[in-house]
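Worksheet: the structure to be examined is printed underneath.
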Amino acid sequence: MKPVDLVLKLVHAFGRPDDVVALVSPRATWHLYIGSLPPGGTHEGRDAIATLMNGVFGPIYVPDTVRVTVHDYFGTDDRAVVRFRLEAQTSWGAPYSNEYSLMASVSDGRIDEVWEFLDGIAASEQLRAADG
């Protein structure tokens, strides 16, 4: 599978943590750039990525409401970039919609490293309801 196809598969797996984790290598690293909001930062290893995904899809977003609309994508022999919109319902019933860019490196048919960027201000404003 070409890197761009694998990374598109990853983006379309958002909302299904087990499917996301199945695409990453055991020693993968996921960098989530969301400003000062948790769960931003670097998550190293498949277990840490599983914890990240399970901490987002379920507690924050209702998994079966996640919808991804891909705007652009391109790739090389070992990495790909996807720009997309993620929409979902939050676990407290509010709508969520934000723009994302994700770049990933690939080797041996698995994703090794992910750099995920999103509008942290828009996320903060939409997720503020979780704080009460």
Side-chain angles (χ1 to χ4, degrees):
M1 181 179 298
K2 292 180 185 177
V4 71
D5 295 328
L6 186 60
V7 176
L8 284 167
K9 187 174 182 177
L10 174 76
V11 167
H12 285 293
F14 278 16
R16 299 184 315 276
D18 291 343
D19 292 351
V20 169
V21 173
L23 298 172
V24 302
S25 69
R27 295 184 184 163
T29 301
W30 195 295
H31 308 278
L32 176 55
Y33 296 96
I34 189 171
S36 61
L37 288 175
T42 298
H43 306 270
E44 296 186 30
R46 189 181 276 159
D47 290 343
I49 293 168
T51 298
L52 169 65
M53 293 297 128
N54 285 302
V56 170
F57 299 112
I60 298 175
Y61 310 113
V62 177
D64 62 356
T65 68
V66 174
R67 300 292 175 261
V68 169
T69 303
V70 173
H71 303 306
D72 296 301
Y73 60 90
F74 64 91
T76 65
D77 290 340
D78 66 347
R79 64 185 66 230
V81 176
V82 179
R83 186 177 67 85
F84 61 99
R85 173 168 289 278
L86 184 143
E87 298 174 288
Q89 178 181 326
T90 64
S91 60
W92 55 93
Y96 175 83
S97 180
N98 206 346
E99 291 291 320
Y100 289 73
S101 292
L102 185 144
M103 182 173 74
S105 64
V106 175
S107 67
D108 297 324
R110 296 260 189 232
I111 294 171
D112 292 325
E113 195 160 10
V114 172
W115 297 265
E116 179 184 354
F117 301 87
L118 63 135
D119 183 339
I121 293 172
S124 179
E125 290 171 351
Q126 293 177 74
L127 300 177
R128 187 171 293 137
D131 297 332

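The nearest pair of heavy atoms linking S25 to D112 is OG-OD1, 3.4 Å. Here the closest heavy-atom approach between residue I111 and residue A104 is recorded as CG2-CB, 3.9 Å. The shortest non-hydrogen separation linking P17 to G15 is CD-O, 3.4 Å. Closest heavy-atom contact between A13 and V20: O-CG2, 3.6 Å. Scanning all heavy atoms of the two residues, the minimum distance from N98 to D119 falls at ND2-O, 2.9 Å. Shortest non-hydrogen contact noted between G58 and S91 is O-CB, 3.7 Å.
Atom NZ of K9 and atom CG of D19 lie 8.0 Å apart (nearest 0.5 Å). If you take NE2 on H12 and CG on L10, they are separated by 10.0 Å, rounding to the nearest 0.5 Å.
In terms of hydrophobic clustering, with Ile, Leu, Val, Met, Phe, Trp and Tyr side chains grouped at heavy-atom distances under 4.5 Å, L102 and Y73 are assigned to a common cluster. Cluster annotation: L6 is connected to V70 through the hydrophobic network of ILVMFWY side chains, with a link wherever side-chain heavy atoms come within less than 4.5 Å. Both L52 and I34 belong to a single network of hydrophobic side chains, linked directly or stepwise wherever heavy atoms of I, L, V, M, F, W or Y lie under 4.5 Å apart. In the hydrophobic clustering of ILVMFWY residues, with side-chain heavy atoms under 4.5 Å counting as a link, I60 and V11 come out together. V56 and W92 end up in the same hydrophobic cluster when Ile, Leu, Val, Met, Phe, Trp and Tyr side chains are linked at under 4.5 Å.
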TODO: Take L86 and L118, measure what side-chain contact (heavy atoms from CB on, under 4.5 Å) needs, and give me the verdict at the end.
DONE: CA-CA 10 Å; L86 184 143; L118 63 135; over 6 Å; no
Open item on the list: Determine whether I49 and V114 satisfy the following criterion, side-chain contact (heavy atoms from CB on, under 4.5 Å), listing intermediate values before the conclusion.
Closed with: CA-CA 10 Å; I49 293 168; V114 172; over 6 Å; no
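Evaluation of the salt bridge (Lys or Arg N to Asp or Glu O under 4.0 Å) rule for E44 yields no partner, not counting sequence neighbours.
Side-chain atoms of S124 do not come within 3.5 Å of backbone N or O of G120 as any donor-acceptor pair.
Of the candidates E113, E116, H43, W30 forms a side chain to side chain donor-acceptor pair (under 3.5 Å) with just one, namely E116.
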Return all side-chain donor-acceptor pairs below 3.5 angstrom for residues 77-85, not counting sequence neighbours, or 'none' if the list is empty.
residue: D78; atom: OD1; partner: T76; partner atom: OG1; Å: 3.2
residue: R83; atom: NE; partner: D72; partner atom: OD2; Å: 3.0
residue: R83; atom: NH2; partner: D72; partner atom: OD2; Å: 2.6
residue: R85; atom: NE; partner: E99; partner atom: OE2; Å: 2.8
residue: R85; atom: NH1; partner: S97; partner atom: OG; Å: 2.3
residue: R85; atom: NH2; partner: E99; partner atom: OE2; Å: 2.8

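By the 30° and 60° cut-offs, the orientation of the rings of Y100 relative to F14 is perpendicular. Using a 30° and 60° split on the angle between ring planes, W115 and H31 fall in the parallel class, below 30°.
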